[in-house]
Amino acid sequence: GQNIDQPTEMTATEGAIVQINCTYQTSGFNGLFWYQQHAGEAPTFLSYNVLDGLEEKGRFSSFLSRSKGYSYLLLKELQMKDSASYLCAPQGDTGRRALTFGSGTRLQVQP
Amino acid sequence: EPEVTQTPSHQVTQMGQEVILRCVPISNHLYFYWYRQILGQKVEFLVSFYNNEISEKSEIFDDQFSVERPDGSNFTLKIRSTKLEDSAMYFCASASGTGDYEQYFGPGTRLTVT
């Protein structure tokens, strides 16, 4: 089965840095995605980690430890538009690699 | 930039009716998916489709659901006899499958069953 755990809500200040953690237990694992979802909209891709370590992409970075079943998303220089839900999504290694989404972390950026 | 499109954006139907949700994946993509999100809940996988057949499906995807790629561009999800609990946002996604595993999501169809 799949079990994904991430904080329900976080609050941070504009310009600051925030780290959103995700732990997962999956029966098969190929890699881990992070998606951003604004209310009422579709998820949009942020990052993908398949190997251990840090992947940096502008203001967003994502880290993966396969042995620990742990990932985090780091958002720097927070902007008001970053207020959204952030979805951790491990990818299975069977079939055509469906994504299993966590419940998401709702981030509120305050001025 | 290529994108996944979905129609309609909002569908209202009565319980017991059949609905067809339509998606046009990105043109050179080979893998297609349907997900749903009940209001306030997480995004849930329904089904994946490759090479004109279902490659994986979840427990949610029971006999009431079917998918089809009737031509070279459309990918449809049919619900035969809708139930109140089918009310949700339905997202279509596609992936190229050639080294890039990112799934690109469409804007979704909000299905309301009354």
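First the proteins, then the strands, lettered A, B, ... as listed; each starts at 1.
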Counting only heavy atoms from other residues, nucleotides and ligands, does the tally under 6.0 Å from [atom1] of [X] exceed 12?
X: A/Gln79; atom1: CD; value: yes
X: A/Lys68; atom1: NZ; value: no
X: B/Leu84; atom1: CG; value: yes

Check: According to the side-chain hydrogen bond (donor to acceptor under 3.5 Å, both in side chains) rule, which pairs have a member within residues 5-15 of chain A, sequence neighbours left out?
Finding: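 Every pair satisfying side-chain hydrogen bond (donor to acceptor under 3.5 Å, both in side chains) with a residue in residues 5-15 of chain A: A/Gln6-A/Thr105, A/Glu9-A/Arg106.
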For the residue pair [X] and [Y], what are the closest heavy atoms and their distance?
X: A/Ala42; Y: B/Pro107; value: CB-CA, 4.1 Å
X: B/Glu102; Y: A/Phe45; value: OE2-CB, 3.0 Å
X: A/Glu41; Y: B/Phe91; value: O-CZ, 3.7 Å

Kindly work out whether a path of hydrophobic side-chain contacts (I/L/V/M/F/W/Y, heavy atoms less than 4.5 Å apart) joins [X] to [Y].
X: B/Tyr90; Y: B/Leu39; result: no
X: A/Leu78; Y: A/Leu73; result: yes
X: A/Ile4; Y: A/Phe29; result: yes
X: A/Ile17; Y: A/Ile20; result: no

Checklist line | Members of residues 58-69 of chain B whose heavy atoms come closer than 4.5 Å to chain A | finding: none
Check: When only pairs under 4.5 Å are counted, which of A/Val50, A/Leu99, A/Thr100 shares the most heavy-atom pairs with chain B?
Finding: A/Leu99
Check: Would you say the side chain of B/Tyr35 lies within less than 4.5 Å of the side chain of A/Phe101, judging by non-hydrogen atoms?
Finding: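 Touching, per the 4.5 Å side-chain cut-off.
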Checklist line | Pair B/Lys42-A/Leu87, side chain to side chain contact (heavy atoms under 4.5 Å, CB included): steps then yes or no | finding: CA-CA 9 Å; B/Lys42 62 184 179 181; A/Leu87 314 180; over 6 Å; no
Item checked: Interchain contact, B/Gln37 with chain A, by part (heavy-atom threshold 4.5 Å) ->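 It is the side chain, since no backbone atom gets that close.
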Margin query: Ring centres under 6.0 Å, that's the criterion: do A/Tyr35 and B/Phe105 meet it?
Written below: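 Yes - the distance between ring centres of A/Tyr35 and B/Phe105 falls below the 6.0 Å cut-off.
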